[in-house]
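Please read these numbers as outputs of a predicted model, since none were measured by experiment. Just follow the structure's listing: the first ligand is 1, and inside any ligand the first atom is 1.
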Amino acid sequence: MLNIVLFGPPGSGKGTQSEKLIAAHKLVHLSTGDLLRSEIAQKSELGIKAKIIMDRGELVSDDIVIGMIRNKINANLDSNGFIFDGFPRTVAQAGALDKVLAETGKAISLMVTLEVPDEEVIQRLLKRGEQTGRADDNMATIENRLNVYLCQTSPVKDFYEKQGKYHPVQGLGTIEEIYERIESEIKKVG
Ligand code: AP5
Ligand code: MG
């Protein structure tokens with residue numbers, strides 16, 4: 001079983017690379033951002049609350065996202081593995097994920113971090129905002145998302161480094177080049 005945490009700042013290419021990894025390894029995609037956006041589209045009670053937080057670029061509470069992930073894992077116990085995209089985003093989420101996986105005898109195989117400088121992610125997200133109209137792809141929210149990443153999310157790297165599972169990858173280049181770099185990290189643990 002291959003369980004990958006795909007990590008990196010907003011706009012680093014987590015969603016883009018997830019698609020390729022899912023196709024190659026037949027993994028179940030667990031993106032908390034996508035799950036929350038689907039709640040917003042359904043105008044559920046959770047979606048209405050989450051939208052206010054996401055529009056500011058802040059983090060939705062740990063309890064909510066951990067609950068969402070737990071349900072998805074338990075509904076897909078016979079899969080080839082999972083790709084966690086945009087989760088965990090706090091050390092508390094990382095600890096909770098290990099616990100949920102351990103309950104069913106599973107564990108994270110590796111954590112791949114896409115390293116992309118701020119100037120590049122800002123350009124990518126502004127462009128995506130123009131193309132898709134995603135509400136949080138505007139300059140003020142992007143700046144806050146980068147700040148939240150630095151303060152609350154980047155400590156998650158140390159969590160996996162201590163477990164010997166941290167694999168940084170250069171996130172600049174073509175989508176195919178970056179994908180090949182990720183695959184060579186996966187081979188190291190397989
Ligand atoms: P989330 O949806 O996870 O957003 P994010 O982390 O800000 O990341 P993005 O989805 O913006 O970027 P990405 O890394 O997926 O890049 P992509 O492949 O799209 O979270 C949104 C919000 O939800 C959070 O702010 C928070 O409020 C909440 N939330 C989510 N999870 C949470 C959690 N666990 N806890 C608490 N709150 C949570 O690529 C970006 C663009 O670049 C695309 O247009 C793409 O086409 C382009 N691109 C990709 N690769 C390349 C390349 N190699 N060269 C040039 N362009 C490229
Ligand atoms: Mg994404």
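- The ligand atoms of ligand 1 that sit less than 4.0 angstrom from a heavy atom of Gly15 are 13 (P), 15 (O), 18 (O).
- Of all atoms in ligand 1, numbered sequentially from 1 with element shown, those under 4.0 Å from a heavy atom of Met54 are 22 (C), 23 (O), 27 (O), 28 (C).
- At the top of the distance list for atom 27 (O) of ligand 1, counting protein heavy atoms only, stands Glu58 O, 2.5 Å.
- Shown in contact with Gly86 at under 4.0 Å from a heavy atom are these atoms of ligand 1, numbered in order with element: 31 (N), 32 (C), 33 (C), 34 (N).
- Of the protein's heavy atoms, Arg124 NE, 3.6 Å lies nearest to atom 55 (C) of ligand 1.
- Distances from ligand 1 to the non-hydrogen atoms of Ser12 include at least one value under 4.0 Å.
- Looking only at distances, a side-chain donor or acceptor of Gln170 sits under 3.5 Å from a matching main-chain atom of Leu172.
- Each of the following atoms of ligand 1 lies closer than 4.0 Å to a heavy atom of Thr16: 17 (P), 18 (O), 39 (O), 45 (C), 49 (C).
- Interface atoms of ligand 1 facing Ile178, defined by a heavy-atom separation under 4.0 Å, are 53 (N).
- A salt bridge links Glu103 to Arg70: one of the charged nitrogens lies within less than 4.0 Å of a carboxylate oxygen.
- Among all protein heavy atoms, the one lying closest to atom 29 (N) of ligand 1 is Leu36 CD1, 3.6 Å.
- For Lys127, no heavy-atom contact with ligand 1 is shorter than 4.0 Å.
- Cation-pi check for Lys157 over Tyr166 is not met; the charged atom does not lie both under 6.0 angstrom from the ring centroid and within 45 degrees of its normal.
- Looking at Thr32, Val60, Leu172, it is Val60 that brings a heavy atom closest to atom 37 (N) of ligand 1.
- Nearest protein neighbour of atom 12 (O) of ligand 1, counting heavy atoms only, is Gly11 N, 2.9 Å.
- Using a cutoff of 4.0 Å between basic side-chain nitrogens and carboxylate oxygens, Glu183 and Lys187 are not scored as salt-bridged.
- The line from CG of Asp118 to CG of Asn147 is 10.0 Å long, rounded to the nearest 0.5 Å.
- With ligand atoms numbered from 1 in the order given, ligand 1 contributes 1 (P), 2 (O), 4 (O), 9 (P), 10 (O), 11 (O), 21 (C) to contacts under 4.0 Å with heavy atoms of Arg134.
- Using a 4.0 Å heavy-atom cutoff, Gly173 is listed among the residues neighbouring ligand 1.
- In this structure, Glu19 places its CD atom where only 12 or fewer heavy-atom neighbours from other residues, nucleotides or ligands lie under 6.0 Å away.
- Heavy-atom neighbours of Gln131 CD from other residues, nucleotides or ligands within 6.0 Å: above the threshold of 12.
- Applying the 4.0 Å criterion to heavy atoms of Val65 picks out, from ligand 1, the atoms 33 (C), 35 (N).
- Asp136 pairs in a salt bridge (Lys or Arg N to Asp or Glu O under 4.0 Å) with only one of the listed residues (Lys51, Arg56, Arg145), which is Arg145.
- Under the 4.0 Å criterion applied to side-chain N and carboxylate O atoms, Asp137 and Arg128 are assigned as salt-bridge partners.
- For the 3.5 Å distance criterion, the side chains of Asn144 and Thr141 fail to qualify, holding no donor opposite an acceptor.
- Considering backbone and side-chain atoms alike, Gly13 places an N or O below 3.5 Å from some N or O of ligand 1.
- Checked for salt-bridge contact, Lys188 and Glu185 meet the test: a charged N lies under 4.0 Å from a carboxylate O.
- The residue from Arg128, Arg145, Arg89 that puts a heavy atom closest to atom 6 (O) of ligand 1 is Arg89.
- Among protein heavy atoms, the minimum distance from atom 13 (P) of ligand 1 is reached at Lys14 N, 3.5 Å.
- Side-chain contact, Asp85 with Gln17: no donor N or O sits under 3.5 Å from an acceptor N or O.
- Backbone and side-chain nitrogen or oxygen atoms of Asp137 are examined, and none is located within less than 3.5 angstrom of a nitrogen or oxygen of ligand 1.
- In this model, no donor atom of one side chain and acceptor atom of the other lie less than 3.5 Å apart for Gln152 and Thr90.
- Looking only at atom types and distance, the side chain of Glu180 has no donor-acceptor partner in the side chain of Ser184 under 3.5 Å away.
- No N or O atom of Pro88 sits closer than 3.5 Å to an N or O atom of ligand 1.
- Contacts of Val148 with ligand 1, taken as heavy-atom pairs under 4.0 Å, are absent altogether.
- In terms of N/O distances under 3.5 Å, ligand 1 is not approached by Gln131.
- Near Gln93, meaning under 4.0 Å from one of its heavy atoms, ligand 1 places the atoms 33 (C), 34 (N), 35 (N), 36 (C).
- Side-chain contact between Ile48 and Glu39: absent, with no pair of heavy atoms (C-beta onward) separated by less than 4.5 Å.
- Using a 4.0 Å cutoff on heavy atoms, Leu125 counts as a contact of ligand 1.
- Heavy atoms of Arg37 approach ligand 1 to within less than 4.0 angstrom.
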